[in-house]
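Counting from 1, the numbers follow the sequence of the chain as shown. As the structure is a prediction and not an experimental result, all values here were calculated from the model.
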Amino acid sequence: MTSIGRAVERLAKRRLEHGRRRPRAYLIAECARAAAIDNAGSPLIRRRSRAAESSGRRLEMCAVAFAAAFGLLGVRLGYVALDESRHPNLAAYSGRILDAAPRPEIVDRHGALIAVDRPSKTLILPGDEVWDASEAAEAIKTILPSIDAQELVRRLEAGHHVEVARNLTPAQADALFVLGLTGARFVRDFTRFYPQGRAAAHVVGHTEAGRGGVMGLEHSLDARSVRRNPIEPLVATLDLRAQQILEDELLAAMAKFHASAAWGGVMDISSGEVLALASLPDFDPGNPGAAPADHRRNRAVYDRYELGSAFKIFTAAAALEAGAASETSVYDARHGYQVADRIIRDYRGKNRILSFTEVLQHSSNIGAARMAADLGPVRQRAALQSLGLLDPLPIELAERRAPDFPRRWGPVEAATISYGHGIAVTPLHLLAAFAASVGDGFYRAPSFVRGESNPPGRRAFSEDTTAVMRRALRRVITGGSSSQAEAPGYFPIGKTATADKPTNGGYDRNARISTFVGAFPGHAPQYAVLVSLDNPQPIEGTHGFATAGWNAAPVFASAVSRLAPVLGVLPADEGVAVASFMGLGAGADRSAVAL
């Protein structure tokens with residue numbers, strides 16, 4: 001029975017089962033479907049099916065052939081486009097285009113703009129498309145006089161893709177476009193702009209094409225999560241007003257005292273935030289290559305020095321904290337003090353018995369060494385460790401240096417370290433440790449970015465210890481070698497440090513680093529300030545001296561007088577200052593303050 005017959009039989013059966021008639025259209029469709037099934041096995045249908053299959057195979061083969069041809073063309077195109085022998089600038093250039101996304105802004109603590117990306121254009125000329133290289137170069141030179149026309153012609157005639165100029169202004173780009181240079185391409189790019197010029201250059205850093213941030217906050221910006229959000233600026237701890245004051249004072253001091261370099265910093269004692277950090281000579285972050293490499297070195301955080309008598313502060317504070325000394329302790333400085341095979345002497349010593357305060361007031365090496373002997377090497381080292389003086393600073397800047405100190409720490413090392421010899425730290429190490437010694441006793445690592453999860457401060461000294469230190473360091477200014485550090489109304493405290501620069505196996509007595517580290521207002525310290533001069537010279541009025549009391553101290557005083565009003569620190573009445581000095585510690589008497 002044929003398929004049609006079977007279909008008719010099924011329809012009849014369904015009609016009997018359901019007792020109703022099917023529509024005529026349904027019957028016709030069922031019969032047609034059955035007829036198609038019967039005809040499929042016919043010779044004609046089989047020939048048509050084989051022809052269709054053969055046509056499909058031919059189409060597939062053509063598709064494969066076309067795909068292979070276009071694939072080969074694509075590979076060749078990529079080779080030609082990226083062949084650096086033909087277009088040596090193209091690979092780096094294309095990489096810059098892919099990365100042409102704006103970097104986050106950098107602003108100071110008050111929102112003042114420090115670094116920002118601004119749109120710019122780059123002119124690219126393909127040498128193999130330029131009709132007349134000489135004519136093109138002459139036309140471009142009328143708009144960009146600084147280009148080397150001969151070199152441009154040479155490279156264009158060699159067929160290179162030439163990056164003619166970057167950072168084009170809109171006016172320059174429009175003028176070049178009007179020239180109608182064959183094959184000229186104007187590519188959108190971004191230029192890093194530093195509206196504050198050289199201010200805080202070493203902290204901010206700079207960028208280079210293809211490398212991103214090279215130093216400072218620009219370098220740290222690339223590795224930070226904020227880099228992924230171009231809308232969110234990086235807020236630095238810097239206060240550009242304080243930064244400008246510090247740089248002004250250091251520049252003036254370099255000129256006045258004929259120093260070869262200078263550096264300094266201003267730090268918020270309660271938070272560890274660095275409001276200003278300067279290293280001179282400096283550079284223009286918008287054109288860093290124009291300055292010698294030595295000018296780009298951040299001396300305040302990278303260079304380490306034997307900072308001399310400033311370490312007597314830490315020796316005295318550690319002895320107080322350990323109970324090895326008190327404000328009434330006395331030390332025999334009448335003769336040299338022998339430790340093993342060394343004899344320690346004072347520079348312009350008083351040759352008498354000195355009180356605890358007088359050891360700092362007159363900067364006695366003998367007194368400091370005797371304090372260290374009472375303290376002992378183990379407790380001395382532990383104290384310096386608690387002040388961060390034995391480890392690299394955990395700051396956001398990559399330019400940081402680890403301290404250098406003796407691996408063997410015996411009585412001789414303890415004696416020399418007590419007055420700052422035999423241990424080398426960075427200036428920022430000194431500033432942070434000083435802040436802990438005169439503030440609330442907590443050591444806080446310096447920071448350069450606001451809103452960071454910096455480690456909490458750790459207690460290094462008790463409040464009684466820091467109160468005694470404030471009174472003693474006030475006497476350094478009122479009755480010691482630092483009278484020129486006075487800033488009326490702010491009762492500053494601090495200490496000089498003059499260190500001979502090391503040379504082959506010894507020290508150069510004719511080359512020195514002069515430092516003053518202090519805080520204001522002295523009776524309730526809010527800000528710590530450090531200023532240093534590299535190899536200052538005697539001048540008229542210093543009586544032949546080039547020590548810190550004659551140069552770094554007056555620079556500190558001038559800086560404080562300008563910084564205090566800007567930072568909102570008001571002058572205090574003498575009675576208020578006396579009460580504050582005396583009330584922050586037990587056993588203080590009025591004579592110990594001597595404002």
Side-chain angles (χ1 to χ4, degrees), residues 76-103 105 115-195 197-198 201 204-215 218 222 230 283-293 296:
R76 176 59 181 168
L77 180 62
Y79 173 77
V80 171
L82 297 178
D83 183 6
E84 294 189 14
S85 64
R86 290 171 54 87
H87 313 305
N89 295 326
L90 189 58
Y93 171 71
S94 61
R96 191 174 72 248
I97 295 175
L98 294 174
D99 193 38
R103 295 170 63 83
E105 297 174 352
V116 62
D117 273 7
R118 63 180 181 185
S120 64
K121 289 185 178 179
T122 297
L123 171 61
I124 304 293
L125 275 181
D128 51 2
E129 297 183 30
V130 174
W131 292 348
D132 189 326
S134 298
E135 181 182 356
E138 291 175 4
I140 293 172
K141 193 170 180 63
T142 62
I143 300 170
L144 304 175
S146 61
I147 69 165
D148 186 341
Q150 292 182 349
E151 177 64 13
L152 178 58
V153 170
R154 185 190 67 79
R155 298 183 67 190
L156 289 175
E157 290 180 344
H160 296 308
H161 271 60
V162 182
E163 184 181 278
V164 179
R166 297 187 62 198
N167 306 333
L168 295 173
T169 66
Q172 290 172 330
D174 290 344
L176 290 167
F177 179 78
V178 170
L179 294 177
L181 300 171
T182 307
R185 286 139 172 102
F186 293 89
V187 181
R188 183 172 177 265
D189 204 347
F190 292 97
T191 302
R192 198 63 164 171
F193 178 57
Y194 301 92
R198 293 172 176 263
V204 177
H206 62 92
T207 62
E208 289 184 4
R211 293 182 59 189
V214 175
M215 60 179 289
E218 289 282 26
D222 291 336
F283 65 97
D284 179 2
N287 187 21
R296 299 195 297 271

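Pairing each heavy atom of Ala201 with each of Pro285, the nearest pair is CB-CD, 4.1 Å. Nearest heavy atom pair, residue Tyr194 against residue Gly286, reads CD1-N, 3.7 Å. Of all the heavy atoms in Thr191 and Ser120, the pair that sits closest is OG1-OG, 2.8 Å. The two residues His206 and Pro288 make their nearest non-hydrogen contact at ND1-CG, 3.4 Å.
The side chain to side chain contact (heavy atoms under 4.5 Å, CB included) test applied to Ala175 returns Ile143, not counting sequence neighbours.
Side-chain contact between Leu123 and Arg185 is absent, with no heavy-atom pair separated by less than 4.5 Å. Put simply, the side chain of Ile124 does not reach to within 4.5 Å of the side chain of Val164, judged on heavy atoms. Contact annotation: the side chain of Ile140 approaches that of Leu152 to within less than 4.5 Å [non-hydrogen atoms, C-beta and beyond]. Side-chain contact check for Gln172 versus Leu144: some heavy-atom pair is nearer than 4.5 Å. Using a 4.5 Å heavy-atom threshold, the side chains of Phe186 and Leu176 count as touching.
For Phe193, the CZ atom sits in a packed shell: over 12 heavy atoms of surrounding residues, nucleotides or ligands are nearer than 6.0 Å.
A donor-acceptor pair under 3.5 Å is absent between the side-chain atoms of Arg188 and the main chain of Pro119, judged by distance alone. Side chain of Asp284 to backbone of Arg198: no donor-acceptor contact under 3.5 angstrom is found. Under a 3.5 Å cut-off, the side chain of Arg155 and the backbone N or O of Val153 do not form any donor-acceptor pair. Arg103 contributes a side-chain N or O that, together with a main-chain N or O of Glu218, makes up a donor-acceptor pair within less than 3.5 Å.
Legend: side-chain hydrogen bond (donor to acceptor under 3.5 Å, both in side chains) pairs involving residues 136-153, not counting sequence neighbours, sorted by first then second residue: Glu151-Arg154.
With rounding to the nearest 0.5 Å, the separation of CZ in Arg192 from OG1 in Thr207 is 6.5 Å. Atom CZ of Arg118 and atom OG1 of Thr169 lie 9.0 Å apart (nearest 0.5 Å). Atom CZ of Phe177 sits about 8.5 Å away from atom NZ of Lys121, to the nearest 0.5 Å. For the atom pair CG of Leu181 and CH2 of Trp131, the computed distance is 11.0 Å after rounding to the nearest 0.5 Å.
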Requested in this report: Decide side-chain contact (heavy atoms from CB on, under 4.5 Å) for Leu156 and Val130; before the verdict, give the C-alpha distance in whole Å, the side-chain angles of both, and the deciding distance to 0.1 Å.
Outcome: CA-CA 7 Å; Leu156 289 175; Val130 174; 4.2 Å; yes

Report task. Could you check Thr122 against Leu168 for side-chain contact (heavy atoms from CB on, under 4.5 Å), going step by step and ending with a plain yes or no? Result -> CA-CA 6 Å; Thr122 297; Leu168 295 173; over 6 Å; no

